[in-house]
Student: 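The structure is given below, and queries will be raised subsequently.
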Amino acid sequence: MTPQFSVIGLVVSDLTASLAFYRRLGLVFPDGVEELPHVEAELPGGLKLALDTEETIRSFHAGWQAPVGGGRVALAFRCAAPAEVDSVYEELVGAGYHGELKPWDAVWGQRYATVHDPDGNGVDLFAPLPQ
């Protein structure tokens, strides 16, 4: 048997804040899960994004320490058009999330931007540029 890639897991310091952020990006989490220790959203292609509180991780890994620094994990959301990269970026920054990299036309042919989720994980927004 070959293992199948199935879940992307993030450890979050504030589940409610993380749910609000990822819901703004269109992910669907069940209503009323803000007090749960573990929640999941179905992603296209059958993958799942799982959010676990720090307390959940410590419940089975007593020595776990939150990492210092960021930049080791990034999620990317494809937008329908370059203008949507700009509007989603502005909406998230306007809602108080940190804009790490303002929208720009990348040399690899995409409109690209990066915001940080509540735990400082990079979340890229991109769309192909017209040919």
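Keep in mind that the numbers below use all heavy atoms, side chains included, and drop hydrogens, waters and symmetry copies. We count residues from 1, following the sequence as given. For clarity, every value in this text was computed on a predicted model and none was experimentally measured.
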Student: Does any part of the side chain of Val123, heavy atoms only, come nearer than 4.5 Å to the side chain of Phe21, both counted from C-beta?
Tutor: yes
Student: Under 6.0 Å from the CZ atom of Arg24, do we count more than 12 heavy atoms belonging to anything else shown?
Tutor: yes
Student: Go through Glu40 and Phe29 one step at a time and tell me if the side chain to side chain contact (heavy atoms under 4.5 Å, CB included) criterion holds.
Tutor: CA-CA 6 Å; Glu40 296 180 356; Phe29 293 92; 5.7 Å; no
Student: Can you tell me how far CG of Leu51 sits from NE2 of His38, rounded to the nearest 0.5 angstrom?
Tutor: 8.5 Å
Student: Check whether any side-chain heavy atom of Pro82 sits under 4.5 Å from a side-chain heavy atom of Pro130, and report yes or no.
Tutor: yes
Student: Applying the 4.5 Å side-chain criterion to the ILVMFWY set and letting contacts propagate, would Val11 and Leu75 be lumped into a single cluster?
Tutor: no
Student: Just how far is it from atom CG of Leu27 to atom OG of Ser18, taken to the nearest 0.5 Å?
Tutor: 11.5 Å
Student: Is Trp64 linked to Leu15 within one hydrophobic cluster, defined over Ile, Leu, Val, Met, Phe, Trp and Tyr using a side-chain heavy-atom separation of less than 4.5 Å?
Tutor: no
Student: Name all pairs fulfilling the salt bridge (Lys or Arg N to Asp or Glu O under 4.0 Å) condition that reach into residues 101-118, sequence neighbours left out, sorted by first residue then second.
Tutor: Asp86-Arg111, Asp105-Arg111
Student: Taking Phe5 as the starting point, is it possible to reach Val7 by hopping between hydrophobic residues whose side chains are less than 4.5 Å apart?
Tutor: no
Student: Are the side chains of His116 and Asn121 in contact, using a 4.5 Å heavy-atom criterion?
Tutor: no
Student: Cluster question for you: counting only ILVMFWY and a side-chain heavy-atom cut-off of under 4.5 Å, with indirect links fine, are Phe77 and Leu47 together?
Tutor: yes
Student: State the CD1-CG distance between Ile57 and Asp52, to the nearest 0.5 angstrom.
Tutor: 4.5 Å
Student: Rounded to the nearest 0.5 Å, how far does CD of Glu35 lie from OG1 of Thr53?
Tutor: 10.5 Å
Student: Test side chain to side chain donor-acceptor pair (under 3.5 Å) on Ser59 and Thr56; report intermediate values, then the result.
Tutor: CA-CA 5 Å; Ser59 75; Thr56 298; 5.7 Å; no
Student: Checking Tyr89 against Thr114 for the side chain to side chain contact (heavy atoms under 4.5 Å, CB included) test, could you report, in this order, the C-alpha distance in whole Å, the side-chain angles of both residues, the deciding distance, and whether it holds?
Tutor: CA-CA 8 Å; Tyr89 177 88; Thr114 304; over 6 Å; no
Student: Please report the shortest heavy-atom distance between Ala74 and Asp124, naming the atom on each side.
Tutor: CB-OD2, 4.2 Å
Student: Run the side chain to side chain contact (heavy atoms under 4.5 Å, CB included) test on Leu10 and Val73 for me, step by step, so that the C-alpha distance in whole Å, both residues' side-chain angles and the decisive distance to 0.1 Å come before the verdict.
Tutor: CA-CA 9 Å; Leu10 297 177; Val73 174; 4.0 Å; yes
Student: Can you list the other members of the hydrophobic cluster that holds Leu101, where links are side-chain heavy atoms under 4.5 angstrom apart?
Tutor: Trp104, Val107, Trp108, Tyr112, Phe126
Student: Nearest 0.5 Å, what's the CZ-CG distance between Arg23 and Asp31?
Tutor: 6.0 Å
Student: Test your reading of the model: is there a side-chain donor-acceptor pair from Glu84 to the backbone of Ala80, 3.5 Å cut-off?
Tutor: yes
Student: Check whether any side-chain heavy atom of Pro103 sits under 4.5 Å from a side-chain heavy atom of Val85, and report yes or no.
Tutor: yes
Student: What's the verdict on side chain to side chain contact (heavy atoms under 4.5 Å, CB included) for Leu25 and Leu125, showing C-alpha distance, side-chain angles and the deciding distance?
Tutor: CA-CA 10 Å; Leu25 287 168; Leu125 307 169; 3.9 Å; yes
Student: With the 4.5 Å side-chain cut-off for hydrophobic clustering, are Val115 and Leu49 part of the same group?
Tutor: yes
